[in-house]
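Presented below is the structure to which this report refers.
Treat the numbers as computed from the prediction; the structure is a model and nothing was measured. Just follow the structure's listing: the first ligand is 1, and inside any ligand the first atom is 1.
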Amino acid sequence: MGLVSMDFLLRDAQAENYAVGQFNVNGFEWFEGVLTAAEAEHSPVILGVSDRLVDYLGGFRAIFQTATAYMNRFEVTIPCVLHLDHAHTFERCAEAVDAGFTSVMIDGSHLPFEENVKLTSRVVEYAHAHQVSVEGEVGRVGGVEDGEASEMRNADPDECVEFVSRTGVDALAAALGSVHGFYENPQIDFASLRSIARRVSTPLVLHGGSGISGESLAEAIRSGYSKVNVNTDCLIAWRDAIKCFLEDHPHIYEPYTILHKGSEAIYQVVRLKIQEFGSSRKAEHFLLQKNG
Ligand code: 13P
């Protein structure tokens, strides 16, 4: 099906009460692990690229070309989104759109509310003119991401209502207690989540999806989250698989052989997450829509 924008995937997830996974890309092994796992599960998938890693990964254009090359190589048929995660400026979002990304997140959560609305609206205007979806953030996800710490602030339901109606975003990251990085079972404010989901028709996004118990995750999806972001769980699986392989095979030094163990570990995590999110076999919805 190729690269698509995120909005119609999340609308389906919202209507059918499941979540689409965003898996953040940290290197070549992620393209292989994430795409082949999603294909095996027949699930739509979102390849997330944190703005802070864009230069390390070769720039927007190189990332777009790598994603499409891997999709061709593995004959990917599922709907797949190439999404810029946590960009802080209009210019970075525009660069991603111009390079072929099909979705962007503008994170103005560190700004005063009015400035967040202004910045996000500007990105929406540009992105929508190019059929690219936009995610915005209200409140603040806490924890550590790509080595940088941020303070947590829960989203206010009234602000969420006003934010979506004034900006026209396709997805809203409503921070309600989840955290980026390595945290055991953070506490999500389910009452506020349900109240926001009742009042906001825009699909909601759970950042900090690693380390949340299966039970809390199921409740989070039932209560209104239609997209779940995962990075740390894949990073830890990648690190552990490589560490274990090197301990068992101290004489192997070929990167392909070593790093491939990382891909295999990512594949296992992504398949399990997709099953937990309930998005297995949901790719079929979009193939049916496409075929008439
Ligand atoms: P984790 O660090 O919990 O995996 O969260 C990732 C994330 O939310 C990326 O935006």
Note to self: At less than 4.0 angstrom from any non-hydrogen atom of V230, what atoms of ligand 1 do you find?
What the structure shows: 4 (O)
Next item on the list: Go through the steps to decide whether N24 and N229 satisfy the test side-chain hydrogen bond (donor to acceptor under 3.5 Å, both in side chains), and finish with yes or no.
Entry: CA-CA 8 Å; N24 280 46; N229 288 8; 5.3 Å; no
Margin query: Quick test of your reading of the model: are E115 and K118 salt-bridged, counting only N-O distances below 4.0 Å?
Written below: no
Next item on the list: Could you tell me which atoms of ligand 1, counted from 1 in the order shown, lie closer than 4.0 angstrom to a heavy atom of T232?
Entry: 1 (P), 2 (O), 4 (O)
Next item on the list: Identify, by atom number and element, the atoms of ligand 1 in contact range of D85, meaning under 4.0 Å from any of its heavy atoms.
Entry: 9 (C), 10 (O)
Notebook entry, point to check: Do any nitrogen or oxygen atoms of N24 come within less than 3.5 Å of a nitrogen or oxygen of ligand 1?
Noted result: no
Check: Has H86 got any heavy atom lying under 4.0 angstrom from an atom of ligand 1?
Finding: yes
Next item on the list: Check the pair H86 / D51 against side-chain hydrogen bond (donor to acceptor under 3.5 Å, both in side chains), numbers first and verdict last.
Entry: CA-CA 6 Å; H86 291 290; D51 194 11; over 6 Å; no
Notebook entry, point to check: For ligand 1, which atoms have a heavy atom of H207 less than 4.0 angstrom away?
Noted result: 8 (O), 10 (O)
Check: Hey, is CD on E125 packed in by over 12 heavy atoms from elsewhere, all under 6.0 Å?
Finding: no
Next item on the list: Before accepting this row, confirm whether a basic side-chain N of the pair R92/E95 lies closer than 4.0 Å to the acidic partner's carboxylate O.
Entry: yes
Check: Can you find an N or O of N231 that's nearer than 3.5 Å to an N or O of ligand 1?
Finding: yes
Checklist line | Contact atoms of ligand 1, heavy-atom distance to G209 under 4.0 Å | finding: 3 (O), 5 (O)
Check: Regarding K273 and the six-membered ring of F23, is the cationic atom NZ or CZ under 6.0 Å from the ring centre and inside 45° of its axis?
Finding: no
Notebook entry, point to check: Which option, G48, G208, A173, owns the non-hydrogen atom nearest atom 5 (O) of ligand 1?
Noted result: G208
Item checked: Pair D170 + R11: basic N to acidic O under 4.0 Å -> no
